[in-house]
Amino acid sequence: MEKRLLTGNEAIAEAAVRAGCRFFAGYPITPQSEILEYLSRRMPEVGGKFVQSESELSGISMVYGAAAAGFRTFTSSSGPGYSLLQEGISYIASAELPCVIVDVQRYGSGLGDIYVGQSDYWQAVRNGGHGDYRTIVYAPSSVQETADLIAMSFDKAEQYRNPVTVLSDASICHMMEPVELPEMHEHDPNQYDWALKGKGNGHYKRITSALYDIPDFDHYIAEKYRNIEDNEQKWESFRTEDADVVLVAYGISARICEETVLIGRENGLRLGLIRPISLYPFPRQAFRELNSRSDVRAYFSVEMTALHQMAEDVALASKMRCPIYAMDGGMTVYEPEDILKRIKSALSGKERTVFQA
């Protein structure tokens, strides 16, 4: 293990290299441009290839090609650039190829703004491309966890032959923290019988395309994602054992909510926190014990989006056994005092619920 002081974006790039990624193609856009800057230097040092593509669409298409040849590969983007990746992600998923996509969220639709936000939840978790597919989605809340999840994302992408998205945000990716980095891993692109190698040297002809010729394809693809949903839920629970108000948050919002829980408890509020690490599959198992308790009074979805995007999954996971509230915001990085004020207001009946049975 090597310990270094890195920003979130630097941790993404270095962790990918150490996981055996040797091909990156992407286009710069704030707040993730430092990933490209880092890899433009780092990839040649390890014999890899870095391509600054002419657009996000061409970048994801190059990732498709590298993945089809068995290489560990990824791209990164943000805002409107992430939207441009969606066609390619759908094609990669339909061909059942492994790759990693990083979305460093910023605020807003259209061109949006370079300010921090978490408004890509629906696009990443519900998927912005066409057809029946999902990408596994991870949400780090620290620079260390960013590096850890990048390494795991490559493994899970190959395990399920499916794209994996790491959904971060500008705050996490621009903060600097100590990171323990793993040893270098060399990936063998020739280990897979589905990887394209050409017909020369005794190789047989292989074609990579949408796998709709699989018998009973609809049931096959449904079973694949059921398997992911059953086995890949990841979360962290904090002080939920006796909580009667449970916050649900990811990324930078989760860090603020953890402090909110501690301050609230000092002031007599029995608060807890569920921090989803996997956004797809959403960690419904984290809610099972809470759903069986009669003393849970409310859930609060805390996310930097005006439309309460994650709150829908909170409602489904909690089975709406109690009211679901959400913070109203977009470009708002909440303070613990803001959240506590809304909680007290909700408990006194002065707040509108987002969902209620």
Side-chain angles (χ1 to χ4, degrees), residues 6-17 19 21-46 48-69 71-93 95 97-124 127-130 135 137-140 146 149-150 153-154 157 163-174:
L6 298 172
T7 67
N9 280 335
E10 291 169 339
I12 288 168
E14 183 62 29
V17 169
C21 176
R22 294 296 179 266
F23 185 84
F24 174 94
Y27 191 81
I29 182 172
T30 303
Q32 62 86 45
S33 297
E34 294 87 354
I35 297 173
L36 281 78
E37 180 182 358
Y38 189 98
L39 289 173
S40 67
R41 169 186 58 82
R42 189 72 172 102
M43 274 294 188
E45 292 177 350
V46 295
K49 300 296 182 183
F50 167 86
V51 179
Q52 180 177 317
S53 56
E54 65 270 27
S55 71
E56 289 84 356
L57 183 56
S58 63
I60 193 68
S61 299
M62 295 176 196
V63 166
Y64 186 147
F71 289 92
R72 285 194 161 184
T73 178
F74 90 107
T75 190
S76 60
S77 195
S78 181
Y82 183 57
S83 296
L84 292 172
L85 298 177
Q86 299 307 316
E87 179 182 355
I89 296 172
S90 178
Y91 272 86
I92 292 169
L97 293 174
C99 72
V100 174
I101 302 105
V102 173
D103 176 19
V104 181
Q105 295 177 93
R106 67 190 209 182
Y107 177 72
S109 53
L111 184 61
D113 198 300
I114 61 173
Y115 199 74
V116 64
Q118 292 180 316
S119 54
D120 293 353
Y121 184 93
W122 280 334
Q123 188 176 28
N127 293 319
H130 54 287
T135 71
V137 182
Y138 295 126
T146 298
L149 289 178
I150 287 290
S153 293
F154 284 104
V164 174
T165 299
V166 176
L167 188 66
S168 191
D169 57 66
S171 291
I172 298 296
C173 282
H174 282 172

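Nearest heavy-atom pair, F23 versus V63, reported as atom, atom and distance to 0.1 Å: CE2-N, 4.3 Å. Summarising the geometry of G26 relative to L36, their closest heavy-atom pair is O-CD2, 3.6 Å, with the distance given to 0.1 Å. Across all their heavy atoms, V17 and R22 have their closest contact at O-NH1, 2.8 Å. Considering all non-hydrogen atoms of both residues, Q86 and G129 come closest at OE1-N, 3.7 Å. Residues P80 and L111 approach most closely at CD-O, 3.9 Å, considering heavy atoms. Closest heavy-atom contact between A25 and G59: CB-O, 3.7 Å.
In this structure S77 satisfies the side-chain contact (heavy atoms from CB on, under 4.5 Å) test together with I29, E56, L85, sequence neighbours excluded. Not counting sequence neighbours, S78 has no partner by the side-chain hydrogen bond (donor to acceptor under 3.5 Å, both in side chains) test. Qualifying salt bridge (Lys or Arg N to Asp or Glu O under 4.0 Å) partners for E45, counting only residues two or more places apart in sequence or in other chains: R41, R42. Scored by the side-chain hydrogen bond (donor to acceptor under 3.5 Å, both in side chains) test, Y82 finds no partners at all (sequence neighbours excluded). Evaluation of the side-chain contact (heavy atoms from CB on, under 4.5 Å) rule for P140 yields E145, T146, L149, V166, S168 as partners, not counting sequence neighbours. A69 pairs by the side-chain contact (heavy atoms from CB on, under 4.5 Å) definition with F71, not counting sequence neighbours. Judged as a side-chain hydrogen bond (donor to acceptor under 3.5 Å, both in side chains), and not counting sequence neighbours, the contacts of S83 are Q123. Under the side-chain contact (heavy atoms from CB on, under 4.5 Å) criterion, P44 pairs with no residue at all, not counting sequence neighbours. Shown here are the side-chain hydrogen bond (donor to acceptor under 3.5 Å, both in side chains) partners of S76, two or more places apart in sequence or in another chain: Q32. Residues passing the salt bridge (Lys or Arg N to Asp or Glu O under 4.0 Å) test with R72, sequence neighbours excluded: D155, E158. With sequence neighbours left out, the ring pair (Phe, Tyr, Trp, His ring centres under 6.0 Å) criterion links F74 to F24.
Counting non-hydrogen atoms of neighbouring residues, nucleotides and ligands closer than 6.0 angstrom, the CD atom of E37 reaches no more than 12 such neighbours.
Counting heavy atoms from C-beta outward, M43 and C21 have side chains that approach closer than 4.5 Å. Annotation: side chain of I172 is not in contact with side chain of V104 (no heavy-atom distance under 4.5 Å).
Expressed to the nearest 0.5 Å, how far OG1 of T135 lies from CD1 of I89 amounts to 6.5 Å. One finds the CD1 atom of I114 at 5.5 Å from the OG1 atom of T30 (value rounded to the nearest 0.5 Å). A distance of 6.5 Å separates CD in E87 from NE2 in H130, rounded to the nearest 0.5 Å. How far OH of Y121 is from CG of D103: 13.5 Å, rounded to the nearest 0.5 Å. Put simply, CD on E10 and CG on L39 are 10.5 Å apart, with the number rounded to the nearest 0.5 Å.
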Worked check of side-chain contact (heavy atoms from CB on, under 4.5 Å) between V102 and I150: CA-CA 9 Å; V102 173; I150 287 290; 3.9 Å; yes
Test log, rule side-chain contact (heavy atoms from CB on, under 4.5 Å), inputs I92 and I60: CA-CA 9 Å; I92 292 169; I60 193 68; 3.9 Å; yes
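Among residue pairs with one or both ends in residues 111-120, those qualifying as side chain to side chain donor-acceptor pair (under 3.5 Å) are Q118-S253; sequence neighbours excluded.
The backbone N or O of Y38 lies less than 3.5 Å from no partner atom in the side chain of N9, so there is not a single donor-acceptor pair. Judged purely by atom type and a 3.5 angstrom limit, R106 has no side-chain atom pairing as donor or acceptor with the backbone of D169. Side chain of S53 to main chain of S58: no donor-acceptor pair is present (N/O by atom type, distance under 3.5 Å, no hydrogens or angles).
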